[in-house]
Asker: 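Please find one structure pasted underneath; my questions will follow.
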Amino acid sequence: MIYVSRLEHFNAAHKLHNPNWSLAKNKEVFGPCANTNWHGHNYELIVTVKGLPDPETGFVIDLKKLSTLIRTHIIEKVDHKNLNLDVDFMEDKLASTEHLIVEFWKILQPRVLDISEKNAQLHSLKLYETPRNYVEYFGE
């Protein structure tokens, strides 16, 4: 099995806020991430696909197609946006990196199968919120 990864970047604002809690509890739990005026991150998204190379191309997946897929269905929807207010797939969800990566998976997983003609599948997503904080997701 071969694993191929593509790195993409986006900038977005958000705040961590549970509407069922008081402002004091949100600040206690989320600290500065509960800032009422939002805060932003320079996110790095690593999409890893696995499969066997196509005998005609030598590719597990065409990286140009993968990049276009990620940019069209993820980056264009989140880059320079407020994750809490502007991103339809985050509506009514706490804008944590954990929730964000699960939503990315739901969007990318079936589309990776389509562009690879079922030759490859989504293996993992890694989303860096900061250079030291990231989440990784392998699907259900």
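For this chain, numbers begin at 1 and follow the sequence in order.
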Asker: Check L94 against H99 and note the closest heavy-atom contact, atom names and distance.
Answerer: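 Shortest heavy-atom separation between L94 and H99 comes out as O-ND1, 2.9 Å.
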
Asker: Compute the ring centroids of Y43 and H9, then answer whether they are less than 6.0 Å apart.
Answerer: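 They do not qualify: ring centres at least 6.0 Å apart.
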
Asker: With rounding to the nearest 0.5 angstrom, report the OH to CD distance, Y137 to Q109.
Answerer: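 Nearest 0.5 Å value for the OH-CD distance: 10.0 Å.
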
Asker: I need the E76 CD to F10 CZ distance, nearest 0.5 Å.
Answerer: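 Answer rounded to 0.5 Å: 13.5 Å.
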
Asker: At their closest point, which heavy atom of F30 faces which heavy atom of L16, and how far apart are they?
Answerer: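 Looking at all heavy atoms of both residues, the closest pair is CD1-O, 3.4 Å.
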
Asker: To the nearest 0.5 Å, what is the distance between CD1 on I61 and OG on S5?
Answerer: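 Going from CD1 on I61 over to OG on S5, the span is 11.0 Å.
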
Asker: Could you check if a side-chain atom of L66 sits within less than 4.5 angstrom of a side-chain atom of V49, using non-hydrogen atoms only?
Answerer: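 Sidechains of V49 and L66: in contact.
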
Asker: Begin with the C-alpha distance, continue with both residues' side-chain angles, and end with the deciding distance and a verdict on side chain to side chain contact (heavy atoms under 4.5 Å, CB included) for T97 and N133.
Answerer: CA-CA 10 Å; T97 308; N133 296 334; over 6 Å; no

Asker: Considering only heavy atoms from C-beta outward, does the side chain of T48 approach that of K126 to under 4.5 Å?
Answerer: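 No - every pair of side-chain heavy atoms lies 4.5 Å or more apart.
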
Asker: Tell me the closest heavy-atom pair linking Q121 and V112, and the distance in Å.
Answerer: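 Answer, listing the atom of Q121 first, then V112: C-CG1, 4.1 Å.
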
Asker: With rounding to the nearest 0.5 angstrom, report the NZ to CG distance, K93 to N84.
Answerer: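 Output value for this atom pair is 12.5 Å.
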
Asker: Give a yes or no on whether the backbone of K50 and the side-chain of H123 come within a donor-acceptor separation of less than 3.5 Å.
Answerer: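 No, because the side chain of H123 does not come within donor-acceptor range (under 3.5 Å) of the backbone of K50.
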
Asker: Could you state the interatomic distance from CD1 (I107) to NZ (K77), rounded to the nearest 0.5 Å?
Answerer: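 The distance works out to 6.0 Å.
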
Asker: Could you tell me whether the side chain of N119 and the main chain of L52 form a donor-acceptor pair under 3.5 Å?
Answerer: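 Present.
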
Asker: Short question: side chain of H14, backbone of G40 - any donor-acceptor pair under 3.5 Å?
Answerer: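 No, because the side chain of H14 does not come within donor-acceptor range (under 3.5 Å) of the backbone of G40.
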
Asker: Has N26 got a side-chain atom pairing as donor or acceptor with N18's backbone, closer than 3.5 angstrom?
Answerer: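 It does hold such a pair.
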
Asker: Under a single-linkage definition using a 4.5 Å side-chain heavy-atom cutoff for Ile, Leu, Val, Met, Phe, Trp and Tyr, are L69 and L113 assigned to the same hydrophobic cluster?
Answerer: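 No, L69 does not connect to L113 through the hydrophobic network.
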
Asker: Do V47 and L63 share a hydrophobic cluster, counting only Ile, Leu, Val, Met, Phe, Trp and Tyr and linking them when any side-chain heavy atoms are less than 4.5 Å apart?
Answerer: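 Yes, V47 and L63 fall within the same hydrophobic cluster.
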
Asker: Flag the pair I74 / E8 as yes when at least one side-chain heavy-atom distance between them is below 4.5 Å, and no otherwise.
Answerer: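 Not in contact.
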
Asker: Calculate, to the nearest 0.5 Å, the distance between atoms CG and CG belonging to L108 and L122 respectively.
Answerer: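 CG of L122 is found 6.0 Å from CG of L108.
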
Asker: Between D79 and I75 (side chain of the first, backbone of the second, donor and acceptor by atom type, cut-off under 3.5 Å), is there such a pair?
Answerer: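 No; zero donor-acceptor contacts below 3.5 Å.
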
Asker: Restricting to non-hydrogen atoms, name the atom on K15 and the atom on A95 that form the minimum distance, rounded to 0.1 Å.
Answerer: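 Closest approach of K15 to A95: O-CB, 4.1 Å.
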
Asker: Between Y134 and I101, is any pair of side-chain heavy atoms under 4.5 Å apart?
Answerer: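 No. Closest side-chain heavy atoms not under 4.5 Å.
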
Asker: Taking the side chain as C-beta and beyond, is there a heavy-atom pair between L23 and T36 under 4.5 Å?
Answerer: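 Yes, their side chains come closer than 4.5 Å.
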
Asker: Quick check: closest heavy atoms across W38 and A13, and the distance to 0.1 Å?
Answerer: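 In terms of heavy atoms, the two residues are closest at CB-CB, 4.5 Å.
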
Asker: Taking K25 first and then E28, would you say they form a salt bridge - that is, a charged N and a carboxylate O separated by under 4.0 Å?
Answerer: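 Salt bridge between K25 and E28, a charged N being under 4.0 Å from a carboxylate O: no.
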
Asker: Of all heavy-atom pairs between I2 and P53, which one has the smallest distance, and what is that distance?
Answerer: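 For I2 versus P53, the nearest heavy atoms are CD1-CG, 3.5 Å.
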
Asker: For the residue pair D62 and T57, establish whether any side-chain heavy-atom pair is separated by less than 4.5 Å.
Answerer: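 In short, these two side chains do not touch, never coming nearer than 4.5 Å.
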
Asker: Would you say K64 has more than 12 foreign heavy atoms packed within less than 6.0 Å of its NZ?
Answerer: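 At most 12 heavy atoms, drawn from other residues, nucleotides or ligands, come within 6.0 Å of this atom.
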
Asker: Do L83 and F89 come close enough that some side-chain heavy atom pair is under 4.5 Å?
Answerer: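 With C-beta onward as the side chain, the pair stays apart.
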
Asker: Under 4.5 Å between any side-chain heavy atoms of I46 and Y128, yes or no?
Answerer: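 A side-chain contact exists here, since the closest heavy-atom pair is under 4.5 Å.
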
